[in-house]
Amino acid sequence: MLPVLVVHGGAGNVPRQRAELSCAGVREAARAGYALLQSGRSAMDAVVEAVTLLENNPAFNAGCGSVLNEHGGVEMDALVMDGRTLASGAVSAVRRIANPVQLARLVMEKTQHLCLTAEGASKFARAVGVPEVPEETLITDYARKRWQRNLQPGSNPVECQMGKMG
Amino acid sequence: TVGAVAVDSEGNVACATSTGGMLNKMEGRVGDTPCVGCGGYADNLLGAVSPTGHGEAIMKVTLSRLILFYMEQGKTAADASDQALAYMWERVQGLAGVVVVDPRGGWAARFNSLQMAWAAAQNGQLHYGLGKGE
């Protein structure tokens with residue numbers, strides 16, 4: 001069996017000035033996750049490690065660098081799934097968490113549920129010792145500029161983010 | 001959105017996906033990411049998928065599970081991904097991308113959007129790309 005790890009940093013329209021940052025970020029995440037696989041760690045460990053690095057990288061729209069909602073806030077979603085047992089954990093509309101993917105894994109491992117949302121997810125995070133972070137630490141200048149641009153009348157946020165048919 | 005899929009040395013598969021969502025979304029909007037079968041799926045018998053793209057479109061076709069359904073029918077990870085993305089485009093004009101592994105270590109990174117940053121590591125080699133054909 002040859003271990004393998006594949007990552008993505010989001011589909012859509014990557015501006016030229018961010019292309020190299022994006023490529024460097026996915027390479028770094030793939031290397032880190034693959035190193036865990038080579039050391040005998042599980043596929044679950046590897047995917048959570050890779051996604052954690054991507055969440056911490058402001059070049060991507062997850063964790064630090066998340067896009068903003070209509071009110072300029074950050075609400076994040078994450079999911080993990082283990083193919084051995086079909087166990088799964090998720091969080092939705094969670095705020096002030098640096099690494100939602102790690103919180104999703106804790107939902108899988110420490111609850112009988114598949115998904116916790118919004119304030120309930122925050123309460124669970126506090127209960128299991130996951131620290132809250134100031135929302136400002138998750139917001140980049142780039143995300144704020146895109147949010148402001150898409151507040152204009154006639155803007156198309158979906159097309160702005162996804163581009164047109166490839 | 002970011003995501004990863006993996007097969008470990010024991011043949012176990014897993015997926016993870018994380019996102020800030022869509023630009024300027026309504027407060028409380030939840031997309032495909034936390035939904036099993038939409039924002040990811042992993043089954044040792046079939047493979048694992050992590051998608052990215054227009055969440056509402058991904059949810060309408062349960063994209064991750066659809067890809068594994070096509071793989072269950074015998075298609076490769078790449079062919080199953082292309083077929084599912086084509087179906088999503090035909091039915092709901094959705095743009096998305098996916099990373100996929102099968103339990104034997106086969107993998108694919110496919111998208112119908114303009115671009116998707118991706119990287120794959122296997123057998124000591126690193127592959128990566130951004131645009132079509134890379």
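Letters go in sequence order (proteins before strands), and every chain restarts at 1. Here the structure is a predicted model, which is why all the values come from computation and not from measurement.
Looking only at distances, a side-chain donor or acceptor of B:T52 sits under 3.5 Å from a matching main-chain atom of A:A11. Not one N or O on the side chain of B:D8 forms a donor-acceptor pair closer than 3.5 Å with the backbone of A:S42. The main-chain N or O of B:G21 is found under 3.5 Å from a side-chain atom of A:Q161 such that the two form a donor-acceptor pair. Of the possible polar contacts, one joining the A:H8 side chain to the B:P51 backbone as a donor-acceptor pair under 3.5 Å is found. A donor-acceptor distance shorter than 3.5 angstrom exists from the side chain of A:Y34 to the backbone of B:N123, with no hydrogens or angles considered.
Chosen from A:R105, A:E70, A:E28, the residue pairing most often with chain B at heavy-atom distances under 4.5 Å is A:E70. Chain A forms more heavy-atom pairs under 4.5 Å with one residue of B:T33, B:V101, B:V30, B:L45 than with any other, namely B:T33. Among the candidates A:G72, A:G12, A:C23, the residue making the largest number of heavy-atom pairs closer than 4.5 Å to chain B is A:G12.
For chain A, no part of B:A48 is nearby; none of its heavy atoms comes within less than 4.5 Å. Interface residue B:V13: backbone and side-chain heavy atoms are both found under 4.5 Å from chain A. At a 4.5 Å heavy-atom cutoff, the contact between A:R41 and chain B is made by backbone atoms alone. Heavy atoms of A:V74 lying under 4.5 Å from chain B are absent altogether. Of the atoms belonging to A:R149, not a single heavy atom falls under 4.5 Å from chain B. In this structure, chain B has no heavy atom under 4.5 Å from any part of A:A118.
Contact check for B:M22 versus A:P157: no side-chain heavy atoms found under the 4.5 Å cut-off. At a threshold of 4.5 Å between non-hydrogen side-chain atoms, the residues B:Y41 and A:L86 count as touching. At least one side-chain heavy atom of A:N13 sits less than 4.5 Å from a side-chain heavy atom of B:Q115. Between B:K25 and A:E75, the closest side-chain pair of non-hydrogen atoms falls below 4.5 Å. Counting heavy atoms from C-beta outward, B:N24 and A:L151 have side chains that approach closer than 4.5 Å. In this structure the side chain of B:H54 reaches within 4.5 angstrom of the side chain of A:V158, judged on heavy atoms. Residues A:V7 and B:V99 form no side-chain contact, since every pair of their non-hydrogen atoms from C-beta on lies 4.5 Å or further apart.
With rounding to the nearest 0.5 Å, the separation of OG1 in B:T19 from CD in A:E55 is 10.0 Å. To the nearest 0.5 Å, atoms CG (B:N112) and CE (A:M162) are separated by 7.5 Å. Here the OG1 atom belonging to A:T85 is positioned 8.5 Å from the CG atom belonging to B:N44, to the nearest 0.5 angstrom.
The minimum heavy-atom distance linking B:G20 with A:V67 is given by the pair O-CG2, 3.5 Å. For A:V51 against B:S18, the heavy-atom pair with the smallest separation is CG1-CB, 3.7 Å. Here the closest non-hydrogen pair linking B:P34 and A:D77 is CD-CB, 3.6 Å. Taking each heavy atom of A:G9 and B:V2 in turn, the nearest pair found is CA-CG1, 4.2 Å. Among all heavy-atom pairs drawn from A:S88 and B:V36, the shortest one is OG-CG2, 3.4 Å. The two residues A:A46 and B:A6 come nearest to each other via the heavy atoms CB-CB, 4.4 Å.
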Could you go through A:R31 and B:L126, starting from their C-alpha distance and side-chain angles, then the distance that decides it, and tell me whether this counts as side-chain contact (heavy atoms from CB on, under 4.5 Å)?
CA-CA 8 Å; A:R31 283 195 194 99; B:L126 186 68; 3.6 Å; yes
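Shown here is A:Y142, whose OH atom has more than 12 heavy atoms of other residues, nucleotides or ligands within 6.0 Å. The number of heavy atoms from other shown groups lying within 6.0 Å of CZ (A:R144) is above 12.
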